[in-house]
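In what follows, chains are A, B, ... by sequence order, proteins preceding strands, each numbered from 1.
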Protein chains: 2
Amino acid sequence: MELDERKLQILRAVIDEYILSASPVGSKSIRQSAELNWSPATIRNEMADLEALGYLAQPHTSAGRIPSDKAYRLYVDRMLERAALSEQEQAILNRYYETRIDGIESVLRSTAQALSEITHYTAVVMMPDLAANRLRHLQLVPLAEGKALSVIVTDAGVARDAIIDIPKDMTPDELESLSRTITQRCYNCRMTTVSDRLMREVGAELQSRGDFVKALLTRVEQSAQSGTNMVELSGARNMLRYPEYNDVEKATTFLATVEQRDELYRMLKKASDMEFTITIGSENEQRGLQDCSVVTATYRVNDMPFGTFGIIGPTRMDYNRVVNVLQGVQQNLAAILQSLLKED
Amino acid sequence: MELDERKLQILRAVIDEYILSASPVGSKSIRQSAELNWSPATIRNEMADLEALGYLAQPHTSAGRIPSDKAYRLYVDRMLERAALSEQEQAILNRYYETRIDGIESVLRSTAQALSEITHYTAVVMMPDLAANRLRHLQLVPLAEGKALSVIVTDAGVARDAIIDIPKDMTPDELESLSRTITQRCYNCRMTTVSDRLMREVGAELQSRGDFVKALLTRVEQSAQSGTNMVELSGARNMLRYPEYNDVEKATTFLATVEQRDELYRMLKKASDMEFTITIGSENEQRGLQDCSVVTATYRVNDMPFGTFGIIGPTRMDYNRVVNVLQGVQQNLAAILQSLLKED
DNA sequence: TTTTAGCACTCCGTTATGGCGAGTGCTAAT
DNA sequence: ATTAGCACTCGCCATAACGGAGTGCTAAAA
């Protein structure tokens with residue numbers, strides 16, 4: 001049995017309706033909402049076929065049908081329609097981008113908030129992965145005996161800092177010259193190769209502090225790879241709007257899952273190969289997200305892939321709108337990041 | 001009518017019981033849980049008195065009594081008992097402090113997580129207020145034509161960065177020397193007085209770039225005052241555990257409230273005068289927190305007040321435990337921050 | 001005078017019940 | 001191949017009935 005045109009139309013109508021209503025849709029209501037001119041009985045027959053094929057399911061006998069994950073998959077693969085951001089959506093975005101544009105990370109945070117407000121789902125944004133960045137500056141600032149703050153700056157305009165131990169006999173002047181030496185030597189090195197580069201040709205001026213420099217650079221490379229807290233999460237509470245999560249039990253489970261930021265990070269990181277990804281329900285690896293769908297897009301800086309952002313919502317999410325919003329935000333984001341790093 | 005010893009004992013028993021059970025407590029159940037040897041009838045009479053005095057309330061006739069905000073106030077003012085952290089609590093804290101100690105802010109983030117795990121309430125931590133800090137370093141790193149990243153470092157080992165516009169004809173060398181001049185001139189200035197100091201005695205080398213320097217320093221002072229996102233929030237989902245928030249409606253309201261970080265920041269900032277504060281139910285100014293209580297404590301660096309952290313829970317929270325936990329964490333935090341900035 | 005046993009009463013929360021409505025599958029007619 | 005008609009299924013909801021926990025009051029006991 002194949003999916004002919006009529007079956008597709010009916011399937012689509014069921015999905016559209018279910019996305020709106022969240023309750024099983026029946027043969028009658030479908031005929032009204034979409035303008036399908038077959039009789040309820042015909043539609044019922046087709047729906048029975050669709051159920052046999054695994055696209056629809058019945059919560060219990062004598063209830064309407066709900067779409068299966070397989071149906072959503074078909075829907076997103078074949079039935080999406082392009083659309084630009086609506087004026088209202090664009091207005092919300094602009095409001096968030098008007099303020100606090102003093103760095104990439106703050107732009108990304110605003111993006112997360114805007115996304116959740118626009119879609120009413122949960123937004124996640126991965127902070128930039130510095131692995132592909134190039135070192136622009138390293139500064140060691142003495143704080144107290146044996147302690148200093150190391151700050152690195154990359155070509156993408158991102159800074160990371162960490163308090164580090166230094167040899168007790170190290171003077172501020174020595175720290176300063178060390179900063180300059182490393183900056184010079186590793187200027188424009190990828191963050192992942194900083195220590196390699198420097199270690200291969202350790203100069204005389206570094207030799208006496210070899211161990212320290214080694215430890216320092218390891219630290220620097222570490223901090224380039226983002227760890228915990230490198231995901232911005234916004235609007236998790238939105239999920240409570242939806243009947244799926246009206247049960248406090250389920251809501252708690254969801255909130256617990258998204259509070260595990262490292263898991264979210266791994267998920268987003270994984271999605272960073274692809275310009276867009278849509279992961280539906282059970283396709284998710286994470287246990288707590290198996291009743292959710294995740295849609296992601298990548299953002300770039302200077303045409304280099306930099307990170308991923310996305311939307312988490314119930315499986316019954318408005319895929320069409322979400323995809324279009326992500327696309328629109330992706331473009332806006334590219335422009336903002338561009339203007340942040342290039343002359344206006 | 002005065003509160004004699006017996007009334008106090010009964011009031012306390014009611015509060016203790018209610019904190020545990022979350023349901024109105026009656027004269028009978030109270031006698032069992034506490035070992036009060038008066039008969040239920042006597043206890044009933046006393047409870048009626050306590051109600052007349054405003055310490056207890058009845059949800060409806062023929063139900064048990066629940067404590068009023070006034071009762072909690074009395075409780076926290078007169079009935080708390082000191083206790084150190086339990087072994088288990090200390091173990092959790094240690095677990096969080098073992099990892100990620102590369103800066104004050106990451107310690108504070110871990111603190112928030114630990115607090116919410118230990119107490120099962122919602123934890124908030126205000127990121128350090130740099131107003132009282134002193135400048136240790138300012139670095140301008142060129143990024144592209146007309147763009148640079150400014151990084152400041154304070155004596156407390158905190159860095160803040162922002163992408164800024166620079167005059168197009170400014171060379172990297174000029175930026176570097178500008179960085180050095182400002183750092184030198186303003187070394188150890190309070191962050192709030194940096195621009196005053198520099199502007200009062202603008203040197204010849206800065207004169208030609210006067211406008212730019214002025215704008216830059218304003219920016220720096222701004223970023224010293226924390227803005228949005230300067231509150232770390234952890235465990236908001238914990239509130240869903242409690243019957244008070246079993247209603248999805250209420251839970252949503254709460255989550256919406258705590259997602260407004262600027263409001264939280266203002267609240268914590270206000271509490272920073274006092275070593276400890278306890279704000280009960282309707283004493284809260286924020287509308288969304290009027291069914292909650294907030295307990296805060298301050299943290300210090302080098303004996304200087306630096307910020308505030310605290311716990312938000314239902315009005316029916318275990319004040320005794322929360323206060324003791326905050327006190328214990330305060331001590332641990334002081335030690336960690338100390339070790340971060342002083343030689344070991 | 002204070003405390004306590006006894007009792008009638010109140011009211012919430014839970015469970016049982018029955019009707020309603022939306023939907024289905026099947027059959028027979030178109 | 002499509003559709004009208006029909007009997008049937010089940011979840012949902014409002015109502016009623018019930019049991020339990022707790023109260024206030026009164027009168028007896030300490």
Side-chain angles (χ1 to χ4, degrees), chain A residues 1-11 13-18 20-53 55-68 243-244 246-248, chain B residues 1-11 13-18 20-53 55-68 243-244 246-248:
Chain A
M1 189 156 36
E2 222 8 76
L3 285 181
D4 56 19
E5 181 58 26
R6 190 169 69 182
K7 282 195 174 56
L8 284 176
Q9 279 188 41
I10 290 175
L11 181 56
V14 172
I15 295 176
D16 282 336
E17 177 80 10
Y18 185 68
L20 278 178
S21 71
S23 44
V25 343
S27 54
K28 216 169 184 176
S29 71
I30 221 183
R31 204 171 77 131
Q32 294 180 334
S33 64
E35 327 84 6
L36 302 183
N37 278 323
W38 301 286
S39 77
T42 307
I43 294 179
R44 273 207 291 283
N45 286 333
E46 294 289 46
M47 280 165 72
D49 287 353
L50 285 168
E51 182 172 357
L53 289 167
Y55 291 102
L56 294 179
Q58 243 178 337
H60 53 86
T61 2
S62 88
R65 304 297 208 297
I66 64 176
S68 68
E244 288 84 330
N246 247 344
D247 178 19
V248 177
Chain B
M1 192 156 34
E2 221 13 71
L3 286 181
D4 56 20
E5 181 58 25
R6 191 169 70 183
K7 282 192 172 58
L8 284 176
Q9 278 189 43
I10 291 175
L11 181 57
V14 171
I15 296 176
D16 283 336
E17 177 80 10
Y18 186 68
L20 278 178
S21 72
S23 46
V25 342
S27 52
K28 214 168 182 176
S29 69
I30 220 184
R31 204 172 80 132
Q32 292 179 336
S33 64
E35 329 83 5
L36 303 182
N37 278 324
W38 300 285
S39 78
T42 307
I43 294 178
R44 273 206 293 283
N45 287 334
E46 294 289 45
M47 279 164 74
D49 288 350
L50 285 167
E51 184 173 357
L53 289 167
Y55 290 102
L56 293 179
Q58 242 177 338
H60 52 84
T61 5
S62 89
R65 304 299 207 296
I66 64 176
S68 67
E244 287 85 329
N246 247 345
D247 178 19
V248 177

How about [X] and [Y]: do any of their side-chain heavy atoms sit closer than 4.5 Å?
X	Y	result
Gln9(B)	Glu5(B)	yes
Tyr55(B)	Val14(B)	no
Lys7(A)	Asp49(A)	yes
Leu11(A)	Ile15(A)	yes
Arg6(A)	Thr42(A)	yes

I want to verify a distance call: between [options], whose nearest atom is closest to the [X] side chain?
X	options	value
Thr61(B)	dT3(C), dT9(D), dT10(C)	dT10(C)
Met47(B)	dT24(C), dT23(D), dT3(C)	dT23(D)
Ala41(A)	dT3(C), dT3(D), dT23(D)	dT3(D)
Gln58(B)	dT23(D), dT24(C), dA4(D)	dT23(D)
Lys28(A)	dG23(C), dT3(D), dT24(C)	dG23(C)
His60(B)	dA5(C), dC11(C), dA4(D)	dC11(C)

Nearest-Å distance, [atom1] ([X]) to [atom2] ([N])?
X	N	atom1	atom2	answer
Asp4(B)	dT2(C)	CG	P	11 Å
Asn37(A)	dA4(D)	CG	C1'	16 Å
Leu36(A)	dT3(D)	CG	P	12 Å
Ile43(A)	dA1(D)	CD1	P	18 Å
Arg65(A)	dT9(D)	CZ	C1'	14 Å
Glu46(A)	dG25(C)	CD	C1'	15 Å
Asn45(A)	dT27(C)	CG	C1'	12 Å
Arg44(B)	dA21(D)	CZ	P	14 Å

Below 4.0 angstrom from OP1 or OP2 of dG23(C), is there any side-chain N or O of Ser27(A)?
-> no

Taking only side-chain nitrogens and oxygens of Arg31(A), does any of them come within less than 4.0 Å of OP1 or OP2 of dG23(C)?
->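 No, Arg31(A) has no side-chain N/O under 4.0 Å of OP1/OP2 on dG23(C).
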
Which comes earlier along DNA chain C counting from the 5' end, the contact point of Val25(A) or that of Pro40(B), where each point is its nearest nucleotide?
-> Pro40(B)

Does the dT9(D) base have a donor-acceptor partner in the side chain of Ser62(A) within less than 3.5 Å?
-> yes

